[in-house]
Amino acid sequence: MLAWASCHPPTDPFLLANNLPRCRTLRDTDPLLSRFITAGFLRTPAAAADLILRLCASLDPALRLLARRIFFSSMVVPCNDPFLWNAVIKSSTHGPAADPCAASLAFALMLSAGVSADRFSFSLVLKACSQDPSLHAGLQVHAVVLKSNLATELYLQNCLIAFYARGGHCELARRVFDRMPQRDSVSWNSIIDGFAKNGRMDAVEELFGRMKDRDRNLVTWNTMICCYAASLGGINHARELFDRMPQRDLISWNLIIDAYAKLGRMENAAALFKIMPAKDVISWTNLIAGYMEAGEVGLARQLFDEMPERDLITWNVMISGYVKNGSFAQALSLFHEMKTQANLTPDAITLAAALSAISELGRIYDGIAVHDYIKRNRLPLYGKLGVGLIDMYAKCGKLEEALQVFEASGNTVDHWNAIIGGLAIHGYGKQALELFHAMERLLLKPDDITFIGVLNGCSHAGLVDQGLKCFEIMKKDCKLEPKVQHYGCMVDILGRAGRLDDAWKIIVEMPMPPNGVIWRSLLSACRKQGDITMGQKVAGTLIQSGVCDLSSHVLLSNIYAGSGLWGDVRRVRMMMRQRESIKIPGCSWIELGGVVHEFVVGDISHPLSTEIYSLLELVRLQLV
DNA sequence: ATAGGGTTAG
């Protein structure tokens with residue numbers, strides 16, 4: 001418990017807070033707390049209550065945490081007024097430093113302190129409970145509602161419907177709804193939205209049909225547009241509703257335009273965008289996202305430059321849009337522009353997009369800078385950020401660092417996939433396999449991406465039996481249907497081991513048509529084994545199926561060359577010339593002294609090529 | 001930052 005401190009005329013708490021370096025953790029706020037005490041903010045319970053209220057409303061997470069700490073350690077309980085309790089609960093429910101557990105805890109403490117909860121307390125704590133996937137806390141709050149004298153209030157019934165609907169328990173929401181003596185628009189809208197979000201269109205239609213026309217308001221119509229837009233083939237129905245509704249607001253327009261954009265129907269989206277009466281940042285951002293998804297990077301950029309204001313989501317859409325379309329350099333330059341010019345703080349989505357651009361470009365120093373930023377700001381690694389970091393370090397060849405991040409971050413399948421895949425592409429097949437078995441021991445369910453990594457690792461490390469075994473585990477134990485990539489890995493594994501007939505068998509027996517990559521993988525195995533008969537058989541099939549391209553010709557001619565069949569080499573070369581194929585050279589990069597050099601395979605004119613080749617040779621020797 | 005709530009859009 002805090003002692004009530006001696007008096008001093010209170011000044012502004014935010015002036016005191018601003019004079020300290022930015023608080024990031026509860027510990028950082030300790031000096032601030034002692035200054036609050038000496039300044040007299042905790043002189044009386046009333047003064048303390050005032051301070052807590054102000055801190056709870058702050059946008060600084062550390063200050064909100066401090067408020068809760070002062071509140072709980074001093075037990076400022078002003079008679080039976082729930083006002084202060086509600087402020088504390090709200091500070092843990094909304095905005096920065098949101099913490100559903102703290103909200104439920106405050107609510108429970110409130111009840112045990114003998115303060116009876118009011119309508120605000122219930123609605124706040126129910127909102128906090130809906131973040132928790134388990135129903136436990138929420139069901140208990142429901143019981144407290146029923147025992148209180150507020151059980152019959154329409155407003156609280158609506159809160160309960162929203163709580164159950166948000167958690168996906170629409171049948172329970174329906175039970176509350178059905179037992180209500182009277183309902184208003186909010187009740188109807190909440191229950192409809194609950195069913196809509198769970199794909200229960202049958203219930204949505206039934207409920208909407210039963211609604212009286214005077215109960216249907218703008219929110220109802222917008223909710224209906226939203227759920228038809230999200231359901232398969234529902235766009236025309238959504239448009240019908242949009243045209244039929246009595247009046248439309250900005251949300252209605254944004255919903256219908258976004259529905260078209262999500263389907264890639266950009267001409268419809270753009271037409272409506274042009275005629276809408278007012279546009280906000282969401283309208284612009286949705287249209288940009290649609291163009292990015294459709295691969296129209298230029299049009300997206302044009303809109304981005306044209307729009308009056310951009311927020312964090314706009315920048316995120318642009319940066320991840322560039323990444324999706326393979327424009328990694330543009331993604332990175334926009335990322336830097338965002339920090340320097342837009343004065344916005346990147347969030348986990350921005351950083352994850354930036355990391356994937358960085359790993360594609362191999363810009364390890366940018367990657368380390370992002371990692372430092374994440375560490376400085378204590379951003380959690382359990383989501384996409386951890387995965388992005390592991391992937392970035394692995395793709396840049398820094399496997400030690402990748403493993404370190406892996407150990408420090410969350411343990412979702414995606415984290416495991418990133419590290420297993422990273423080890424695999426660098427030839428550490430044994431380690432990839434070990435991690436795969438560790439995953440099994442932890443009863444973590446591998447997915448199809450996991451197996452691409454594992455099989456890839458077996459292929460690179462020549463682990464034939466283990467590869468075959470994993471393929472069986474995938475089908476039998478995990479009940480996963482192998483995709484064309486998995487069959488490709490198997491062809492690779494068998495081909496490298498010289499089991500060309502088995503590889504051939506995989507290709508002809510797989511349930512989907514083989515692609516060019518898979519044939520070329522076998523063809524290149526034929527070249528390595530010097531198996532002309534199989535090589536010709538494969539090449540023949542390739543040419544017949546029309547997926548034959550230049551690299552297949554090159555492989556075939558190499559097979560002949562390897563066996564000294566120079567006549568056949570000439571024949572293939574002739575075929576290549578006849579098709580007037582243009583050689584698309586292989587391209588790679590390497591980093592020397594912090595500068596990334598792009599170079600083209602076979603391009604002797606590159607000033608660094610000699611150096612690069614000797615370096616690559618060194619790397620290869622070290623790996624052996 | 002300056003006193004609280006239930007339904008709709010990225």
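Nothing here was measured: the structure is a model prediction, and the numbers come from that model.
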Tell me: CG of Asn316(A) to P of dG10(B), nearest whole Å?
15 Å

Mind checking Asp118(A) for me? I need base, sugar-phosphate or nothing, with any heavy atom below 4.0 Å counting as a touch.
base

Donor on one side chain, acceptor on other, Ser190(A) and Asp193(A), under 3.5 Å
no

Taking the side chain of Leu53(A) as heavy atoms from C-beta outward, which of dA9(B), dA3(B), dG10(B) is closest to it?
dA3(B)

Leu124(A) has a side chain; which of dG5(B), dA9(B), dG10(B) sits nearest to it?
dG5(B)

Ser190(A) side chain, from C-beta outward: closest of dT7(B), dT8(B), dG4(B)
dT7(B)

Could you tell me whether the phosphate oxygens of dG5(B), OP1 or OP2, come under 4.0 Å of any side-chain nitrogen or oxygen in Lys127(A)?
no

Please determine if Glu171(A) and Arg200(A) form a salt bridge, counting it only when a charged side-chain N lies under 4.0 Å from a carboxylate O.
yes

Ignoring hydrogens and angles, answer whether the base of dG10(B) and the side-chain atoms of Asp311(A) contain a donor-acceptor pair closer than 3.5 Å.
yes

Atom CZ of Phe208(A) to atom C1' of dT8(B): distance rounded to whole Å?
13 Å

Can you check the Asp258(A) CG to dT8(B) C1' distance for me, whole Å?
13 Å

Does Lys262(A) come within less than 4.0 Å of Glu293(A), counting only side-chain N to carboxylate O?
no

What is the distance, rounded to the nearest whole Å, between atom OH of Tyr228(A) and atom P of dA9(B)?
17 Å

Looking at the side chain of Thr285(A), which of dG4(B), dG10(B), dT8(B) is the nearest nucleotide?
dG10(B)

Name the closest nucleotide to the Ile282(A) side chain, picking from dT7(B), dA9(B), dG5(B).
dA9(B)

Regarding the side chain of Leu255(A), the nearest nucleotide among dG10(B), dT8(B), dA9(B) is dA9(B)

So Asp184(A), base contact, sugar-phosphate only, or nothing? Heavy-atom distance under 4.0 Å.
base

Return the nearest nucleotide to the side chain of Ala57(A); candidates are dT2(B), dT8(B), dG5(B).
dT2(B)

What is the separation between atom CG on Asp347(A) and atom C1' on dG10(B), rounded to the nearest whole Å?
13 Å

Just say parallel, tilted or perpendicular for the rings of Tyr228(A) and His237(A), cut-offs at 30° and 60°.
parallel

Whether Arg376(A) and Asp372(A) form a salt bridge (side-chain N of Lys/Arg under 4.0 Å from carboxylate O of Asp/Glu) is what I want to check.
no

Starting from C1' on dG5(B), measure out to CZ on Arg166(A) and report it in whole angstrom.
12 Å

Euclidean distance, atom CG of residue Asn189(A) to atom C1' of dT8(B) [Å, nearest integer]
8 Å

Thr223(A) has a side chain; which of dG10(B), dA1(B), dT8(B) sits nearest to it?
dT8(B)

Determine the contact category for Asp193(A): base if any of its heavy atoms lies under 4.0 Å from a base atom, sugar-phosphate if only primed atoms, P, OP1 or OP2 are that close, otherwise nothing.
sugar-phosphate

Between CZ of Arg54(A) and C1' of dG4(B) the distance, given in whole Å, is 17 Å

If you only use heavy atoms from C-beta on, which nucleotide in dG4(B), dT8(B), dA9(B) is closest to the side chain of Asp280(A)?
dA9(B)

Looking at Lys197(A), I'd like to know whether one of its side-chain N or O atoms comes within less than 4.0 Å of OP1 or OP2 on dA9(B).
yes

What I want to find out is whether Lys274(A) reaches Glu267(A) closely enough, with some N-O distance under 4.0 Å, to be called a salt bridge.
no

